[in-house]
S.K.: 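Submitted below is the structure of interest, expressed as structure tokens.
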Amino acid sequence: MKKVANLMKLKESGVIAVVRGASKEEALQASKAIVAGGITGIELTFTVPQAADVIAELVAIFKENPEVVVGAGTVLDAVTARLAIMAGAEYVVSPTFDQETAELCNLYQIPYLPGCMTISEMKDALKAGADIIKLFPGSAYGPSIISAFKAPLPQLNIMPTGGVSLDNMQEWFAAGVVAVGVGGNLLAPAASGDFDKVTEVAKQYAAKLKEIRGK
């Protein structure tokens, strides 16, 4: 049931913040600022120095907040996926589909969200047990592509990442996605140490999600 619970937390989060950073401390502060703004999905990428340590710290920091779901991003292989899972990652995201990573995540009952761009990749990912497909980069298509993918595969659960903004978020959800991944414009202020601005932008995304969901 662990996998199902984590998938439900991902769906409920709606907006998944893709956290990158030049240092461990920047990523930690940015993640805390994002959650303070009301976004409960954190995808800590393995481009961050000491990423596994950051994941472990975030899991410890937010253990009293059951709504927050912490996962690992930019996971390129099964070895990295296992490091992430051992650190406490509740889901694993890859920029591409990788069979070994899918099998390892299934072994540990951790949701695997592989990045796919074609219907063939999506079909292979579904066969390997992926529950949510990361449409990456979403900017290559736009919201209108969702219906084209779901026509032959109506069971697809899609999370676009790249190209999602406050301006088009409603279009993505209206097209039928289960969640969206956001990074660039949300995390940009963190590079200069302006974490209050990160919280401010996170609040805007959280408010937009509530508006979309009619809450």
Side-chain angles (χ1 to χ4, degrees), residues 2-7 9-11 13 15-24 26-28 30-31 34 39-62 68-118 121-140 156-164 177-184 186-187:
K2 175 182 177 182
K3 185 178 183 181
V4 174
N6 288 348
L7 284 167
K9 285 171 72 174
L10 277 167
K11 183 180 179 183
S13 292
V15 176
I16 309 301
V18 183
V19 179
R20 301 188 185 277
S23 68
K24 174 182 177 182
E26 181 185 322
L28 281 169
S31 298
I34 287 163
I39 290 177
T40 55
I42 299 292
E43 178 191 325
L44 196 285
T45 68
F46 261 80
T47 55
V48 173
Q50 300 169 277
D53 292 340
V54 180
I55 289 170
E57 287 194 39
L58 290 175
V59 170
I61 289 168
F62 298 123
V68 176
V69 58
V70 178
T74 321
V75 175
L76 302 180
D77 51 44
V79 173
T80 307
R82 190 175 188 281
L83 284 172
I85 293 167
M86 292 302 104
E90 296 173 279
Y91 63 97
V92 168
V93 185
S94 296
T96 61
F97 170 66
D98 182 72
Q99 181 70 35
E100 289 185 3
T101 301
E103 291 173 2
L104 183 105
C105 289
N106 280 335
L107 175 64
Y108 288 98
Q109 284 296 281
I110 295 293
Y112 176 48
L113 288 66
C116 300
M117 285 188 71
T118 68
E121 291 174 327
M122 293 177 181
K123 187 195 76 169
D124 289 343
L126 288 177
K127 285 172 65 177
D131 294 286
I132 298 176
I133 302 299
K134 170 184 172 180
L135 178 62
F136 179 76
S139 57
L156 270 178
N157 295 309
I158 298 177
M159 179 184 80
T161 300
V164 177
V177 304
V178 295
V180 295
V182 298
L186 173 61
L187 271 297

S.K.: Suppose we screen for side chain to side chain contact (heavy atoms under 4.5 Å, CB included). Which residues come up paired with K2, at least two apart in sequence or across chains?
M.R.: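 Once residues adjacent in sequence are excluded, the partners of K2 under the side chain to side chain contact (heavy atoms under 4.5 Å, CB included) criterion are N6, I110.
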
S.K.: Taking C-beta and beyond as the side chain, do I85 and L104 meet within less than 4.5 Å on heavy atoms?
M.R.: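 A side-chain contact under 4.5 Å exists here.
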
S.K.: Might you point out which heavy atoms bring V59 and G88 nearest each other, and give the distance in Å?
M.R.: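 Shortest heavy-atom contact: CG2-O, 3.5 Å.
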
S.K.: Any side-chain heavy atom of D98 sitting closer than 4.5 Å to one from L76?
M.R.: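 No - every pair of side-chain heavy atoms lies 4.5 Å or more apart.
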
S.K.: Which heavy atom in A81 sits nearest to a heavy atom in T101, and how many Å separate them?
M.R.: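 Closest approach of A81 to T101: CB-CG2, 3.9 Å.
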
S.K.: Please find the pair of heavy atoms, one from A130 and one from P114, that lie closest to each other, and give the distance.
M.R.: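 Scanning both residues completely, I find the closest heavy atoms to be CB-CD, 3.7 Å.
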
S.K.: Quick one: SG on C105 to CZ on R82, what's the gap to the nearest 0.5 Å?
M.R.: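 The CZ atom of R82 is 12.0 Å from SG of C105, to the nearest 0.5 Å.
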
S.K.: Return all side-chain donor-acceptor pairs below 3.5 angstrom for residues 121-128, not counting sequence neighbours, or 'none' if the list is empty.
M.R.:
from: E121; atom 1: OE1; to: M117; atom 2: N; distance (Å): 2.6
from: E121; atom 1: OE1; to: T118; atom 2: N; distance (Å): 3.1

S.K.: Check for a donor-acceptor pair, side chain of E90 on one end and backbone N or O of V70 on the other, with a separation under 3.5 Å.
M.R.: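 Such a contact is found between E90 side chain and V70 backbone.
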
S.K.: Does E100, at its CD atom, have more than 12 non-hydrogen atoms belonging to other residues, nucleotides or ligands within less than 6.0 Å?
M.R.: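 At most 12 heavy atoms, drawn from other residues, nucleotides or ligands, come within 6.0 Å of this atom.
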
S.K.: Under a 4.5 Å cut-off applied to non-hydrogen side-chain atoms, are K9 and Y91 in contact?
M.R.: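 No, every pair of side-chain atoms sits at 4.5 Å or beyond.
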
S.K.: Are R20 and T74 packed together at the side-chain level, in the sense that at least one heavy-atom pair is separated by less than 4.5 angstrom?
M.R.: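 Heavy-atom side-chain distance check passes, below 4.5 Å.
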
S.K.: Is it the case that the side chain of T40 and the backbone of V68 share a donor-acceptor pair, with hydrogens and angles ignored and the cut-off at 3.5 Å?
M.R.: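 No: the side chain of T40 does not pair with the backbone of V68.
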
S.K.: State, with a plain yes or no, whether a side-chain heavy atom of L58 is found less than 4.5 Å away from one of L28.
M.R.: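 Yes, close enough: below the 4.5 Å cut-off.
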
S.K.: Drop me the distance from I39's CD1 to S31's OG, to the nearest 0.5 angstrom.
M.R.: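 Those atoms lie 11.0 Å apart.
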
S.K.: Where do V69 and S13 come nearest, in terms of heavy atoms and distance?
M.R.: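 V69 and S13 have their closest heavy atoms at CG1-OG, 3.5 Å.
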
S.K.: Is the shortest side-chain heavy-atom distance between T161 and V93 below 4.5 Å?
M.R.: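 A side-chain contact is absent here, since even the closest heavy-atom pair is not under 4.5 Å.
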
S.K.: Please tabulate, for the side chains in residues 131-138, all donor-acceptor contacts under 3.5 angstrom to protein atoms that are two or more places apart in sequence or on a different chain.
M.R.:
from: D131; atom 1: OD2; to: K3; atom 2: NZ; distance (Å): 3.1

S.K.: Do any N or O atoms from the side chain of S94 and from the backbone of G115 form a donor-acceptor pair under 3.5 angstrom?
M.R.: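 Absent.
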
S.K.: Can you find a pair of side-chain heavy atoms, one from L113 and one from L10, that are under 4.5 Å apart?
M.R.: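 Yes, at least one pair of side-chain atoms sits under 4.5 Å.
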
S.K.: Which atoms form the tightest heavy-atom contact between V75 and F46, and what is the distance?
M.R.: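 Answer, listing the atom of V75 first, then F46: CG2-CD1, 4.2 Å.
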
S.K.: For P49 and V54, which heavy atoms make the closest approach, and how far apart are they?
M.R.: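 Looking at all heavy atoms of both residues, the closest pair is O-CG2, 4.0 Å.
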
